Amino acid sequence: MKSIIILFSCSSFAKDPKVVIIYSTEVLGNPAYTEVIAGIEHINRHVQRIESTGDNNNLSAILDESHSTRVIALGKGIAETIYRTHYRERTLAGLVYFNRDQYSGVGLAIDNRALVHDLARLLPSIKKFFVVQQSNFQTIDYVPSNLKSSAVMEVREGVDSLDTIRVLGRLLDEATSADAIFIPANLPNNILYEVAKVAWDKKIILLSTNLSHLENGALMAVFPDYFALGEQLGRLVESSGPVYENIKVIKYALNRRVAQHLAIEFDPGVLDSFAFKIK
């Protein structure tokens, strides 16, 4: 069955747009995609969108007709498909976890330098943050930095899911209430329950890049500002050759019940800076 491609332009003034955003119709209604696209269009006024359904066999032909000089592929499946075409060199990927060896674009991993900067303000009493993640599923991108900070970030990685759980278990044994731990985003629910129980009893702060963990023991969840992510992608359109960036602008959510249990109080100004809070 041939794929169906739906094309439309965001501007009536752009008869022959050179920047194309392509994404699957399966993500329609997903607010993350909506915000990213809005951010891209905020930077690039004349943009053509392509909504793709089906197997994408005729995607190259559709892109040829669009006369695009830059393609922004949103989502893993779309990025993989376009990277198998002759548009590979002119494509920027977004809303995908990847490293600089896989695609050009903005990977979903969060810049550790931005995290340390923000967490020094949100949790000034914590001097050491641990990041536990799987080596092939890095949600926090560790970039060595010479920037002075009162807080230190240490990354511990496992080679696979099981090894990562072992790494986390050993860390929970040695961690104290003076530490904060970013738990793996892909932690199985049954393991998450046990981890949260130990952390609750030892009053260890749990943080996560997975929003669902906020309701399951994490004090804070960290997630991208998707509009800003779109703006990042929009600015990269002007770049030449391979380019890689990670998330620069991030948002925070707070579990107030966990904060109360940990006896953590936030100044009103800091409390207002959270994107949202749950009780």
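Predicted model only: the values in this text are computed from it and were never measured. What you see below is based on every heavy atom in this structure, not just the backbone, and it leaves out hydrogens, waters and symmetry mates.
Looking at Asn210 and Ser212, their side chains do bring a donor and an acceptor atom within 3.5 Å of each other.
Applying the 4.5 Å side-chain rule to ILVMFWY residues, one finds that Ile43 remains a lone member of its cluster.
Residue Lys277 comes nearest to Leu271 through the heavy atom pair NZ-O, 3.3 Å, listed as atom of the first residue, atom of the second, then distance.
Screening residues 239-275 for ring-ring contact (aromatic ring centres under 6.0 Å, His included), with sequence neighbours left out, gives Phe98-Tyr244, Trp200-His261, Phe266-Phe274. Within the structure, every pair that satisfies the side chain to side chain donor-acceptor pair (under 3.5 Å) test and touches residues 232-243, not counting sequence neighbours, is listed here: Arg70-Ser239, Gln232-Glu245.
By the salt bridge (charged side-chain N to carboxylate O under 4.0 Å, His left out) test, Asp111 pairs with Arg113, Lys248, sequence neighbours left out. Not counting sequence neighbours, Asn216 has no partner by the side-chain hydrogen bond (donor to acceptor under 3.5 Å, both in side chains) test. Residues satisfying the side chain to side chain contact (heavy atoms under 4.5 Å, CB included) criterion with Leu28, sequence neighbours excluded, are Tyr23, Thr25, Glu51. For Phe227, the ring pair (Phe, Tyr, Trp, His ring centres under 6.0 Å) criterion is met by His42, not counting sequence neighbours. Take Arg170 and apply the side chain to side chain contact (heavy atoms under 4.5 Å, CB included) test, not counting sequence neighbours, and it matches Arg166, Val167. Scored by the salt bridge (charged side-chain N to carboxylate O under 4.0 Å, His left out) test, Glu174 finds Arg156 as partners (sequence neighbours excluded). Residues forming a ring pair (Phe, Tyr, Trp, His ring centres under 6.0 Å) with Tyr193 (at least two apart in sequence, or on another chain): none. For Asn136, the side-chain hydrogen bond (donor to acceptor under 3.5 Å, both in side chains) partners two or more places apart in sequence, or in a different chain, are Gln134. For Thr209, the side-chain hydrogen bond (donor to acceptor under 3.5 Å, both in side chains) partners are Thr139, not counting sequence neighbours.
Counting heavy atoms from C-beta on, the side chains of Ile247 and Leu229 come closer than 4.5 Å. Looking at heavy atoms from C-beta onward, Ile278 lies in side-chain contact with Leu214 at the 4.5 angstrom threshold.
You'll find the ring centres of Tyr103 and Tyr83 inside the 6.0 Å limit. For an aromatic pair to be called close, the ring centres must be under 6.0 Å apart, and Phe137 with Tyr97 satisfies this.
Taking CD1 of Ile204 as the start and CG of Leu262 as the end, the distance is 10.0 Å to the nearest 0.5 Å.
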